[in-house]
Amino acid sequence: MTALPHFTAHNGFVLPAIGLGTYALDGDAGADAVATAIGAGYRLIDSAFNYENEGSVGRGVRRSDVDRSEVIVTTKLPGRHHPSAKARTSIEESRSRLGLDATDLHLIHWPNPSQDEYVQAWAALVEAQERGVVRQIGVSNFLPEHLERIERETGVRPVVNQIEVHPYFPQAEQLAYHREHGILTEAWSPLGRAKELLDESVIGEVAEAHGISPAQTVLAWHVARQTVAIPKASSIEHQRSNLAAGEVVLEATEVEAITALGRGDGRLFDADPATHEES
Ligand SMILES: NC(=O)c1ccc[n+]([C@@H]2O[C@H](COP(=O)([O-])OP(=O)(O)OC[C@H]3O[C@@H](n4cnc5c(N)ncnc54)[C@H](OP(=O)(O)O)[C@@H]3O)[C@@H](O)[C@H]2O)c1
């Protein structure tokens, strides 16, 4: 065991290795879950305009006793808001819904390449950061070609790319690309949505060797690969155990054995950023 690791982006922005996903955490229960997570030690919270839960996330953050400056609240700009004028309003609307002084990390949710408006969306985030309504800016589900284009056209590199990563879809090449460019990788669905992945025998063996659960083993695998995992967990028991997993150190051979579960069609659903469109 060691302390919870932190990872640093090209501009010095630092993220903890484990954050809280909030997809489907909404309403009063969502606000409660966010507040209990912060009380348990979480300092990174993920949400999105499209999750329709920014209000609950903001309420959970405001309810906690932890100093506002210590918590990194993330949201995401939806595909239908990519055009410049809509993006500017959407960014303001997210901040209003969160009820916070500024959004700590604002991402473009999907590139939607056939729509071809993600450069406008990125320029709007750059401008919002200059105005101080957004502290840090990044993207989600961007392929290297999308990352290269926004930097070429605006001169600004994202600090984060949030992508699908779990042992069935380890994304080694994209992770190496991010590392080379100082872009932090956040892993969405890091537990593979807690389905058959957690029953894999190799994960069970590593879990037993460390006296931890299969979910903790998968999260420790993410940390070993220097990705920030954002598991969604509604109960305080899952929240606590997921955060504690960030302090577990796996052997390199264990990491390799889990990575070997990867397969070309390992995505959880049809979410190839080259073709997937999210409104
Ligand atoms: N950028 C994107 O396009 C994108 C796409 C998908 C997701 N995301 C983000 O990533 C977050 C995480 O992904 P996800 O929600 O799809 O999947 P996930 O985090 O891989 O799995 C969530 C499931 O795991 C269960 N779980 C959590 N901790 C557990 C534990 N210790 N033991 C056993 N089961 C456990 C949860 O149940 P309980 O709630 O009952 O604990 C829930 O059913 C989302 O919430 C969202 O914030 C982003």
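All ligand and atom numbering here is 1-based and tracks the order in the structure. Here the structure is a predicted model, which is why all the values come from computation and not from measurement.
Contact check on R63 versus D32 returns a salt bridge, with a Lys/Arg side-chain nitrogen under 4.0 Å from an Asp/Glu carboxylate oxygen. Taking 4.0 Å as the cut-off between side-chain N and carboxylate O, R135 and D101 count as a salt-bridged pair.
Relative to the ring axis of F49, R97 places its NZ or CZ within 45° and under 6.0 Å from the centre.
H109 and Y118 have their aromatic ring centers separated by at least 6.0 angstrom.
Contacts of ligand 1 (protein heavy-atom distance under 4.0 Å) are G21, T22, Y23, D46, Y51, K76, H109, W110, S140, N141, Q162, W188, S189, P190, L191, G192, R193, A194, A215, I230, P231, K232, A233, S234, H238, S241, N242.
Contact check for N161 versus Q174: side-chain heavy atoms found under the 4.5 Å cut-off.
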Distance-only check: which donor-acceptor pairs under 3.5 Å involve side-chain atoms of residues 258-269, not counting sequence neighbours?
residue: T259; atom: OG1; partner: W221; partner atom: NE1; Å: 2.9
residue: T259; atom: OG1; partner: V255; partner atom: O; Å: 2.7
residue: R267; atom: NH1; partner: A271; partner atom: O; Å: 3.3

